[in-house]
Amino acid sequence: GNSVTQMEGPVTLSEEAFLTINCTYTATGYPSLFWYVQYPGEGLQLLLKATKADDKGSNKGFEATYRKETTSFHLEKGSVQVSDSAVYFCALSDGRGADGLTFGKGTHLIIQP
Amino acid sequence: NAGVMQNPRHLVRRRGQEARLRCSPMKGHSHVYWYRQLPEEGLKFMVYLQKENIIDESGMPKERFSAEFPKEGPSILRIQQVVRGDSAAYFCASSPTVQGAGETQYFGPGTRLLVL
């Protein structure tokens, strides 16, 4: 079956530090990959996505590249802000069309001023 | 364009009662998904519905849980005879009519169910 593994948190960084949150996946076929962000007490918001190998998703300074050879979709940001503090979820859909997403357990990111 | 709406936002039930969670998808979306988030866990897919049809319920517990998406009105997730282990956040998501790989799902704010 499909699965997503992401680094355990919490991850604590100082403002303006470089961020990497690792995500690897197992899937049949050609999945699409997503990063969602969840702020306290809220639902999930799509941060970025990539639908095929070597695609790079980007939004709000965050980037992730779909690496088929390493089955990875690591999230990066060059300079984090306090407002980036949230829980980040890596997810995949297995490419059969509209279907349920498979999520990782989430990584809690804490940015200190 | 209003986003995905869920109500209630918080729901408290005693063991044995019924919980009914509602989800109104974004305008123009006819695909609805329900997910459950247990404390300190990621979201787990429960069920995928289109109007009047259940497409995939592979993530639904076999007993006490049911879902519907009628022709008119919101999608409903119903939990009968709730137990403490049902306490979780339940999220609804919707996607546009047109299917395709990598379709984005848009999430509601969730309903936080607490079973006493």
Side-chain angles (χ1 to χ4, degrees), chain A residues 1-10 21 23 25 27-53 55-57 59 64 66 73 86-108, chain B residues 2-7 9-10 21 23-26 29-51 53-60 67 69 89-112:
Chain A
N2 299 333
S3 67
V4 175
T5 302
Q6 57 183 110
M7 59 193 294
E8 299 275 335
I21 300 178
C23 171
Y25 67 89
T28 55
Y30 302 95
S32 295
L33 303 172
F34 305 82
W35 277 101
Y36 281 86
V37 57
Q38 184 180 31
Y39 297 100
E42 298 185 9
L44 277 70
Q45 302 173 26
L46 178 68
L47 183 59
L48 52 84
K49 71 177 186 181
T51 58
K52 62 182 188 295
D55 269 2
K56 178 187 284 188
N59 185 27
Y66 186 161
F73 193 53
V87 181
Y88 292 80
F89 292 95
C90 185
L92 70 83
S93 69
D94 69 6
R96 291 176 295 152
D99 52 19
L101 294 169
T102 300
F103 282 88
K105 288 191 174 182
T107 301
H108 186 190
Chain B
V4 178
M5 310 282 283
Q6 288 189 251
N7 67 82
R9 293 290 303 274
H10 299 273
L21 288 60
C23 168
S24 296
M26 288 180 70
H29 289 193
S30 62
H31 302 225
V32 166
Y33 312 79
W34 285 95
Y35 295 83
R36 177 165 63 176
Q37 183 180 33
L38 295 169
E40 308 301 323
E41 294 280 331
L43 279 72
K44 301 292 187 186
F45 167 74
M46 300 180 74
V47 61
Y48 160 40
L49 310 102
Q50 294 182 25
K51 283 284 187 181
N53 289 302
I54 295 175
I55 306 303
D56 180 356
E57 57 182 346
S58 58
M60 285 277 271
F69 188 16
Y90 293 82
F91 290 95
C92 169
S94 72
S95 65
T97 303
V98 177
Q99 295 192 36
E103 195 66 75
T104 297
Q105 295 183 17
Y106 297 86
F107 283 79
T111 294
R112 283 151 181 84

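In what follows, chains are A, B, ... by sequence order, proteins preceding strands, each numbered from 1.
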- Message: To the closest 0.5 Å, what do you measure between SG (B:C92) and OH (B:Y106)?
- Response: 14.5 Å
- Describe, in one word, how the ring planes of B:Y48 and B:H31 are oriented to each other, choosing from parallel (under 30°), tilted (30 to 60°) and perpendicular (over 60°). parallel
- Checking heavy atoms, do the side chain of B:Q37, its backbone, both or neither come under 4.5 Å from chain A? side chain
- Is there a donor in the side chain of A:T102 and an acceptor in the side chain of A:Y25, or the other way round, less than 3.5 Å apart? no
- Message: Less than 4.5 Å to any heavy atom of chain B: does that hold for the side chain of A:L46, its backbone, both, or neither?
- Response: side chain
- Task: Could you look at A:Q38 and say if it's the side chain, the backbone, both or neither that has a heavy atom under 4.5 Å from chain B?
- Result: side chain
- Message: Would you compute the distance between atom OG1 of B:T104 and atom CZ of A:F34 and round it to the nearest 0.5 angstrom?
- Response: 5.5 Å
